[in-house]
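Quick notes on the structure that follows.
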Amino acid sequence: MSGMAVAVGKRERVWGNRALKLGVAIFVFPVLVLAFHTLLLVPAVFLDLLLTHFAGNPGFWGKTLSVVALLPACWGALTVCKWIWPGSK
């Protein structure tokens, strides 16, 4: 009987971990990406003004700097989400 209870408890823990991972992937990750992206865009605005003044097209530099800021924002959000995930090392 005790072996059966342990197996059921282990299954519940596995499904709980999976539900937590899904919740982190759906809700926490996008919010963290937006927050980190916003934090990285603040210094990029000054760089955008400088590049636009010397090199021209503001639309190109705005999109380029946004994509460049998005890459470390995704990496930072992924790192924080890995800390939240149960059983991750």
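Starting from 1, each residue takes its place in the sequence as its number. Quantities reported herein were computed from a predicted structural model and do not represent experimental measurements.
- A single hydrophobic cluster is seen to contain both F36 and W83, as judged by linkage of ILVMFWY side chains at heavy-atom distances under 4.5 Å, directly or through other members.
- Note: L41 CG to L65 CG = 8.0 Å, rounded to the nearest 0.5 Å.
- Heavy-atom minimum distance, A25 versus P30: O-CD, 3.6 Å.
- Taking each heavy atom of W61 and D48 in turn, the nearest pair found is CB-OD1, 3.3 Å.
- When all heavy atoms of H37 and A73 are compared, the pair lying nearest together is N-CB, 3.5 Å.
- The hydrophobic cluster containing V24 also contains V80, counting ILVMFWY residues as joined when their side-chain heavy atoms lie under 4.5 angstrom apart, directly or transitively.
- When hydrophobic clusters are built by joining Ile, Leu, Val, Met, Phe, Trp and Tyr residues whose side-chain heavy atoms come closer than 4.5 Å, directly or via intermediates, L70 is not grouped with L32.
- With rounding to the nearest 0.5 Å, the separation of CG in L20 from CH2 in W15 is 14.5 Å.
- Residue L71 belongs to no hydrophobic cluster, having no ILVMFWY side-chain heavy atom closer than 4.5 Å to its own.
- No continuous path of hydrophobic side-chain contacts links V33 to F27 [ILVMFWY only; heavy atoms under 4.5 Å].
- In terms of heavy-atom proximity, P72 sits nearest to L40 at CG-CD1, 3.8 Å.
- Distance CZ/F60 to OG1/T64: 3.5 Å, rounded to 0.5 Å.
- The distance from atom CG of N57 to atom NZ of K63, rounded to the nearest 0.5 Å, is 8.5 Å.
- No donor-acceptor pair under 3.5 Å is formed between the side chain of S66 and the backbone N or O of G62.
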